[in-house]
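For reference, the structure discussed in these notes is given below.
Order of listing sets the numbers, starting from 1, for every ligand and every atom in it. Every value quoted in this text rests on a predicted model; they were computed, and no experiment measured them. Reckoned from all heavy atoms, side chains included, excluding hydrogens, waters and symmetry mates. By convention here, the first residue in the shown sequence is residue 1.
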Amino acid sequence: MQYHHAQISTAQKRFWSPSIRELTPYQPGEQALNTAVIKLNTNENPYPPSPQVMQAIMETLWETADVLRLYPDPDASKLCKAIANTMGLEADNVFVGNGSDEVLAFIFKAFFQHTDQPVLFPDISYSFYPVYTQFYQLNSEIIPVNQNYEICVEDYEKDTAGIIIANPNAPTGIALELQHIKTLLEMHPDHVVVIDEAYIDFGAESAVSLIKDYDNLVVCQTTSKSRSLAGLRVGFALAQPHLIQALNIVKNSFNSFPVDSLAIAAATAAFEDHHYFKQTCLDIIQQREFLVRELEALGFIILPSKTNFLFVKHPSYDALTLAQQLKHSNILVRHFNQPRINNFLRISVGIHEHNLKLIDTLRNFLS
Ligand SMILES: *Cc1c(COP(=O)(O)O)cnc(C)c1O
């Protein structure tokens, strides 16, 4: 039985905690049940995970009948080591959780509840950040991106409880140079600066190299995008050990086993298959550049993307009309009904065949 928020009466809501009555939860993009749909709306990777991932799941299941009977390793040590090896860090620099959404929720709890100073983040960014601030009843100050939709770090020089930005940013796709991240870290030496790098593997420069030098930096990444594992739910934070320790305290006060045994085995295999990872990321970057050329030829304006999606608008057609038109042709893209960006569409990069279908459909509609 599914109820929508609005269909529940005030009387029924008397059981709800008052703070829950007030919450506006995050709205995930539509998940298509129809397999004929070309799904370019939630930035999933168009390629399957490494074959070694499937093999690791099968082997884990068969190697011992006990794997599902027993609790998983609460520290997911094997996975932390594999991530650390990939990143040139140590296992005590790594925290893993049930998707980076959960890791971000723990980050907000662990680092942002200092004072009544605001948490700072951009107006155009990942829409989970305002949900977490509301959830934890934190103050926030929304910092507008500039007219080119870029984050300007000078605008963050103010009193704060902590800062979170996505780099590259979503849904704009625009990346910040490492120099600007450094400026931010040095501007706020007594507060945690979180860099959400969900899309970092598609061409931007990671802040992981700064971890050894900055005791206030937390980098958050995920296996959902560049490692094709959105359904597995594995995200992670990278930082100096004193920050990782705080995340472990939050985790162990909430759920000691956020990453299950099969997910530990599968994600470990994904990090060990470096070749497949490089190859698929490179391919997506090439497909992205193909889409940029084709969409520009159709008159679209495209923000410079270092991600697996494009944020685009058309000078003569409104975004909602285009989204509806594409939906008629079984192509899903994402439209945000939000000030400043309601004339943009966010289009995930698909496999070549799907990208061609997208372009053909748009071309037919525009002509
Ligand atoms: C997709 C995404 C996430 C969440 O990823 P999960 O690991 O699947 O929870 C976090 N931040 C940004 C900016 C994203 O786009």
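Judged by the 6.0 Å and 45° rule, Arg346 forms no cation-pi pair with Phe311. For Arg227 and Phe277, the positive end sits near the middle of the six-membered ring, less than 6.0 Å away and at most 45° from its axis.
Electrostatic pairing of Asp66 and Arg69 counts as a salt bridge here, judged by a charged N lying under 4.0 Å from a carboxylate O. Note on Lys225 versus Glu44: no salt bridge recorded, every NZ/NE/NH1/NH2 to OD/OE distance being 4.0 Å or above.
Not a single heavy atom of Phe128 sits less than 4.0 Å from an atom of ligand 1.
There is no side-chain donor-acceptor pair under 3.5 Å between Gln240 and Asp215.
For ligand 1, the polar-atom distance check against Tyr126 finds no nitrogen or oxygen pair separated by under 3.5 Å. For the pair Lys225 and ligand 1, the shortest N or O to N or O distance falls below 3.5 Å.
Remark: minimum distance from atom 15 (O) of ligand 1 to any protein heavy atom is reached at Tyr199 OH, 2.6 Å. Of the protein's non-hydrogen atoms, Ser224 OG, 2.6 Å is the one closest to atom 8 (O) of ligand 1. Atom 11 (N) of ligand 1 has Asp196 OD2, 2.7 Å as its closest protein atom, hydrogens excluded (heavy atom only). In this structure, atom 5 (O) of ligand 1 lies nearest to the protein heavy atom Ser100 OG, 3.0 Å. If you check which protein heavy atom lies closest to atom 9 (O) of ligand 1, you get Arg233 NH2, 2.7 Å.
Each of the following atoms of ligand 1 lies closer than 4.0 Å to a heavy atom of Gly99: 7 (O), 9 (O).
Using bins of under 30°, 30° to 60° and over 60° for the plane-to-plane angle, the ring pair Phe108/Tyr132 lands in the tilted bin.
Between His191 and Ile163, every side-chain heavy-atom pair lies at or beyond the 4.5 Å cut-off.
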